[in-house]
Amino acid sequence: MRGTPPRTPPGGTRDGARNPSPGTGKGRPRPVWSRDFALFFGARAVAQLGDTMLPVALAAGLLQQGYGAGAVGLALASTSAAFAGLIVFGGVVADRFDTRRLMIGADLVRVVTQSLAAALFFSGHVVLWQICAIGFVNGVAGAVFQPGVAGTVPRLAVDVQGANGAIRIAEAVAQLAGPALAGVLVGFASPGGVFAAHAATYTVSAGCLLLLRLPPRIRSGAVRVLTGGRAFRADLVEGWREFRSRTWLWGVIAVWCVYMITVWGPTTPLVAAEIVQHHGARSYGLVNSALGAGTVIGGLLALRLRPRRMLRAGAFGVFAFAAFPVTVGAGLPVAAMAAGAAVAGVGMAFWSVMWATSVQTQVPADVLNRIHAYDVAGSLAMMPVGQSLAGPAAGAFGSGHVLLAAGGMSFVVAASLLCVRAIRGLVRADAPAAPVPRP
């Protein structure tokens with residue numbers, strides 16, 4: 001990383017790099033779990049549980065203090081804005097320094113900030129700018145932490161795909177359990193209790209990472225002698241060059257920007273509004289639970305299936321997401337909406353594992369954190385655009401029609417992924433080499 005990297009990653013070409021994941025011989029999957037991966041999995045699972053509790057705590061706490069829904073949105077936006085704006089720089093930092101120490105430091109920062117938020121809510125003296133400032137610091141910490149996740153998984157797991165499947169299942173379980181647990185804590189204690197619990201989850205995460213023994217990162221280039229700002233800029237340029245040189249990588253991100261604007265962005269707020277208005281909050285909770293259950297099933301499916309062309313297989317999962325907005329947009333019964341949500345959860349979880357594994361095994365280790373940062377930044381950048389356009393579009397055409405259009409765009413996005421040869425033809429890194437025909 002500290003020098004000019006080879007133009008071709010070890011083991012293959014730039015668009016079809018074949019970086020065998022550790023411990024995968026002849027394409028045979030090996031066990032996912034090891035002591036160190038179990039520690040990392042525990043850190044991620046507990047922290048994700050806490051993260052899913054946060055929106056409930058913010059909403060309940062700020063509303064109790066007399067603030068409105070706009071204040072809740074502003075508090076959440078302070079975190080997401082800092083995260084999205086700084087994650088690319090976080091990727092450079094993660095590739096340049098010890099990722100384990102960076103992640104521990106980011107967790108400890110959030111222990112302090114969430115403890116401070118708990119103290120504010122326990123005291124009853126809550127000022128909005130203080131909560132926003134805490135959220136901003138949390139976003140900065142997240143931007144430092146998140147890029148290291150992508151680079152850590154292939155360094156710990158002998159089965160990268162299986163590891164991603166396990167982490168995706170943990171995320172789904174957290175999405176199901178976190179809001180319910182937060183509601184119980186708010187009811188029996190106070191919003192301050194949720195923030196205290198959130199701080200505790202980061203404490204557990206930092207403790208797990210502290211016990212972690214992370215193997216050394218494999219470098220593909222010579223040591224760079226540049227220091228300071230020049231080295232930082234050079235790392236940014238190098239990361240962008242590596243990102244741009246892989247058609248399958250930037251092709252997926254480009255398509256995903258369209259997906260965020262036309263599918264995910266409008267689906268999230270409009271589905272909530274449609275179901276709550278016509279069927280009640282309990283039905284919305286049921287549909288969300290079905291989505292989470294489908295996500296768990298999709299993660300389990302990704303643990304079992306080992307397609308040779310992972311992105312091509314994952315693209316078929318993107319087709320499945322159409323079932324969610326279409327069933328809601330068509331005004332079908334709640335049971336049908338729940339079934340559509342479950343199907344969507346299966347498809348999107350399968351895609352996310354195929355995508356994450358492809359990135360982690362096809363990209364050289366010394367630029368992986370920066371590439372992951374570009375991935376996250378590109379995906380997040382367009383989501384608020386889609387969300388902001390959802391209301392005006394619904395006002396002009398009706399929520400049902402916008403959701404049906406989102407379902408149609410799911411097919412367009414999936415088909416677009418399959419139309420790009422570099423995406424559909426990318427062979428998994430640990431696939432056995434095709435036999436050479438004899439003359």
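Since the structure is predicted, the reported quantities are computational estimates derived from the model, not experimental observations. We use all heavy atoms of the structure for the numbers below, so side chains are in, but hydrogens, waters and symmetry mates are not.
- The OG1 atom of Thr267 sits 11.0 Å away from atom CE of Met260, with the distance rounded to the nearest 0.5 Å.
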Q) When you look at Arg306 and Asp159, which way does the salt bridge (charged side-chain N to carboxylate O under 4.0 Å, His left out) test go after all the steps? A) CA-CA 11 Å; Arg306 304 275 166 163; Asp159 175 8; 2.6 Å; yes
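- Of the possible polar contacts, one joining the Thr79 side chain to the Gly135 backbone as a donor-acceptor pair under 3.5 Å is found.
- In summary, the aromatic rings of Trp250 and Phe243 are positioned with their centroids too far apart to meet the 6.0 Å limit.
- In this structure, Gln146 and Phe83 have side chains that are in contact, with non-hydrogen atoms separated by less than 4.5 Å.
- The only member of Val263, Val343, Val287 that meets side-chain contact (heavy atoms from CB on, under 4.5 Å) when paired with Phe324 is Val287.
- Here the closest non-hydrogen pair linking Ile87 and Ala373 is O-CB, 3.2 Å.
- The two atoms that bring Ala143 and Ala82 nearest to each other are CB-O, 4.5 Å, heavy atoms only.
- The shortest distance between side-chain heavy atoms of Leu209 and Leu212 falls below 4.5 Å.
- Here the straight-line distance linking atom CD1 of Ile423 with atom CH2 of Trp248 works out to 9.5 Å at 0.5 Å rounding.
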Q.
As a quick check of understanding, evaluate side chain to side chain contact (heavy atoms under 4.5 Å, CB included) for Leu86 and Val144, giving each step before the final call.
A. CA-CA 8 Å; Leu86 296 174; Val144 173; over 6 Å; no
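- Applying the 6.0 Å contact sphere to CZ of Phe136 captures no more than 12 heavy atoms from other residues, nucleotides or ligands.
- Here the rule is side-chain contact (heavy atoms from CB on, under 4.5 Å) with Met337, and of Val326, Leu291, Ile275, Val271 only Ile275 fits it.
- Each of Val153, Val149, Thr152 was checked for a side-chain contact (heavy atoms from CB on, under 4.5 Å) with Gln360, and the lone residue meeting it is Val153.
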Q. Would Glu171 and Thr295 count as a side chain to side chain contact (heavy atoms under 4.5 Å, CB included) if you check the C-alpha gap in whole Å, the side-chain angles of each, and the deciding distance to 0.1 Å?
A. CA-CA 9 Å; Glu171 290 175 354; Thr295 304; over 6 Å; no
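- Ring geometry, Trp351 versus Trp355: the interplanar angle falls under 30°, so the pair is classed parallel (tilted spans 30 to 60°).
- Between the side chain of Thr52 and the backbone N or O of Ala174, at least one donor-acceptor pair lies under 3.5 Å.
- For Arg101, the CZ atom counts as loosely surrounded, since its 6.0 Å shell holds 12 or fewer non-hydrogen atoms of other residues, nucleotides or ligands.
- Here the closest heavy-atom approach between residue Gly347 and residue Ala320 is recorded as CA-CB, 4.0 Å.
- Contact annotation: the side chain of Met310 never approaches that of Val353 to less than 4.5 Å [non-hydrogen atoms, C-beta and beyond].
- A distance of 9.0 Å separates CG of Asn288 from CD of Gln175, quoted to the nearest 0.5 Å.
- The shortest non-hydrogen separation linking Gly142 to Pro147 is O-CD, 4.3 Å.
- Side-chain atoms of Met354 and Pro307, non-hydrogen and from C-beta on, do get closer than 4.5 Å to each other.
- Between the side chain of Ser416 and the backbone N or O of Val412 there is at least one donor-acceptor pair closer than 3.5 Å.
- The distance from the CG atom of Asp36 to the SG atom of Cys208 is 11.5 Å, given to the nearest 0.5 Å.
- No more than 12 heavy atoms of other residues, nucleotides or ligands lie within 6.0 Å of CH2 in Trp264, so this atom counts as exposed by the packing criterion.
- Counting heavy atoms from C-beta on, the side chains of Leu389 and Pro266 never come closer than 4.5 Å.
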(Q) Show, in sequence, the C-alpha distance, side-chain angles and deciding distance for Phe195 and Leu54, and conclude whether the side chain to side chain contact (heavy atoms under 4.5 Å, CB included) test is met. (A) CA-CA 7 Å; Phe195 282 99; Leu54 182 60; 3.5 Å; yes
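- Within the 4.5 Å cutoff, the side chain of Val88 has no heavy atoms near those of the Arg370 side chain.
- You'll find the side chain of Val137 reaches within 4.5 Å of the side chain of Val109, heavy atoms only.
- Checked by atom type, the side-chain pair Tyr202/Asn138 shows no donor-acceptor distance below 3.5 Å.
- In this structure, Trp256 and Tyr259 have parallel ring planes: the angle between them is below the 30° cut-off, well short of the 60° mark.
- Gly151 and Leu368 get closest at one heavy-atom pair: CA-CD2, 3.6 Å.
- Atom CD of Gln114 sits about 10.5 Å away from atom OG1 of Thr203, to the nearest 0.5 Å.
- Annotation for Ser78 and Cys132: closest pair OG-O, 3.3 Å, computed over non-hydrogen atoms.
- His198 has its side chain out of reach of Val194: every pair of non-hydrogen atoms, C-beta onward, lies at least 4.5 Å apart.
- If you take NE2 on His401 and CG on Leu270, they are separated by 13.5 Å, rounding to the nearest 0.5 Å.
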Q.
Run the side chain to side chain contact (heavy atoms under 4.5 Å, CB included) test on Val158 and Ser34 for me, step by step, so that the C-alpha distance in whole Å, both residues' side-chain angles and the decisive distance to 0.1 Å come before the verdict.
A. CA-CA 9 Å; Val158 295; Ser34 66; over 6 Å; no
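- Judged by distance alone, with hydrogens and angles left aside, the side-chain atoms of Ser245 form a donor-acceptor pair with the main-chain N or O of Glu242 at under 3.5 Å.
- Cation-pi contact between Arg168 and Phe350: absent, since separation from the ring centre below 6.0 Å together with deviation from the ring axis within 45° is not met.
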